[in-house]
Amino acid sequence: MDKTKILFVCLGNICRSPSAEAVMKALVDKNGIGSRFEIDSAGITGYHAGEPADQRMQRHAINRNIRLTSISRQVKSPDDFEYFDYIIGMDDQNMDDLYHLSPNDTSEKISKMTDYCTQHSNTSVPDPYYGGAAGFELVLDILEDACAGLLNHIEEDGQ
Ligand code: 4NP
């Protein structure tokens with residue numbers, strides 16, 4: 001069976017999308033189905049390419065036993081849009097940028113992270129970069145909710 005390939009995308013790929021990647025990997029591993037997935041993340045910008053995740057984001061994640069190991073990279077078009085099955089943005093600006101970057105027949109792969117939430121009414125995963133501790137905690141709260149919903153959605157899709 002082909003793996004389900006998921007790419008999480010935010011602006012810089014050092015806070016939200018590397019966290020989404022790590023939360024989703026931990027969730028599928030916990031369910032014993034990690035080998036069925038390929039999970040990655042990328043940034044709309046390449047400003048932080050080659051860097052590990054933001055130290056503050058890493059510390060908040062570690063407190064939940066989530067280890068952020070990915071190295072920032074920029075989204076590649078058309079390659080990422082052709083390769084991945086799900087391309088998931090964190091906020092409305094990410095969504096606009098992804099639709100602009102996507103080659104013609106790939107835009108149906110794009111969705112927004114908060115669309116999978118069942119416990120939170122947020123319509124975006126807010127950028128925590130210029131804020132304080134509460135922002136990093138909120139990112140993780142929303143991502144844990146959204147990843148559970150995303151996994152249910154994928155299982156219902158029969159992929
Ligand atoms: P992210 O957060 O998009 O969640 O990785 C940000 C990281 C860096 C910047 C903005 C947002 N920045 O302006 O450098």
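Atoms within each ligand, like the ligands themselves, are counted from 1 in listed order. Treat the numbers as computed from the prediction; the structure is a model and nothing was measured.
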Show me which atoms of ligand 1 lie under 4.0 Å from any heavy atom of [X].
{"X": "Gly12", "answer": "1 (P), 3 (O), 5 (O)"}
{"X": "Cys15", "answer": "1 (P), 2 (O), 4 (O), 5 (O)"}
{"X": "Ile14", "answer": "5 (O), 7 (C), 8 (C)"}
{"X": "Leu11", "answer": "3 (O), 10 (C)"}

Quick one: look at Asn13 and ligand 1, take heavy-atom pairs under 4.0 Å, and tell me if it's side chain, backbone, both or neither.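 Backbone only.
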Could you find the nearest protein heavy atom to [atom] and give me its residue, atom name and distance?
{"atom": "atom 14 (O) of ligand 1", "result": "His48 NE2, 2.8 Å"}
{"atom": "atom 1 (P) of ligand 1", "result": "Cys10 SG, 3.5 Å"}
{"atom": "atom 13 (O) of ligand 1", "result": "Tyr130 OH, 3.4 Å"}
{"atom": "atom 11 (C) of ligand 1", "result": "Asp127 OD2, 3.1 Å"}

Side chain to side chain donor-acceptor pair (under 3.5 Å) partner of Asp80, the single match among Lys109, Gln74, Arg73: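 Of all the options given, the one that passes is Arg73.
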Taking distance alone, with no angle check, do Ser17 and ligand 1 share an N/O pair under 3.5 Å?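 So ligand 1 has no N or O lying under 3.5 Å from an N or O of Ser17.
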Nitrogen or oxygen atoms of Pro128 and ligand 1 under 3.5 Å apart: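 It does not: no N or O of Pro128 is found under 3.5 Å from an N or O of ligand 1.
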Using only atom types and a distance under 3.5 Å, with no angle test, would you say the side chain of [X] pairs donor to acceptor with the backbone of [Y]?
{"X": "Asp145", "Y": "Thr118", "answer": "yes"}
{"X": "Asn122", "Y": "Val125", "answer": "no"}
{"X": "Ser77", "Y": "Leu101", "answer": "yes"}

Tell me yes or no: between the side chains of Ser41 and Asn13, is some donor less than 3.5 Å from an acceptor?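 Result is yes, a qualifying pair exists.
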Can you confirm whether Ile39 sits close enough to Phe8 that some side-chain heavy atom of one is under 4.5 Å from a side-chain heavy atom of the other?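 Side chain of Ile39 against side chain of Phe8, heavy atoms only: contact under 4.5 Å found.
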Kindly assign one of parallel, tilted or perpendicular to the pair His60 and Phe136, based on the angle between their ring planes and the thresholds 30° and 60°.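 The rings of His60 and Phe136 lie parallel, inter-plane angle below 30°.
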So, are Asp40 and Lys25 salt-bridged, with charged N and O less than 4.0 Å apart?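 Judged by the 4.0 Å cut-off on N to carboxylate O distance, Asp40 and Lys25 do not form a salt bridge.
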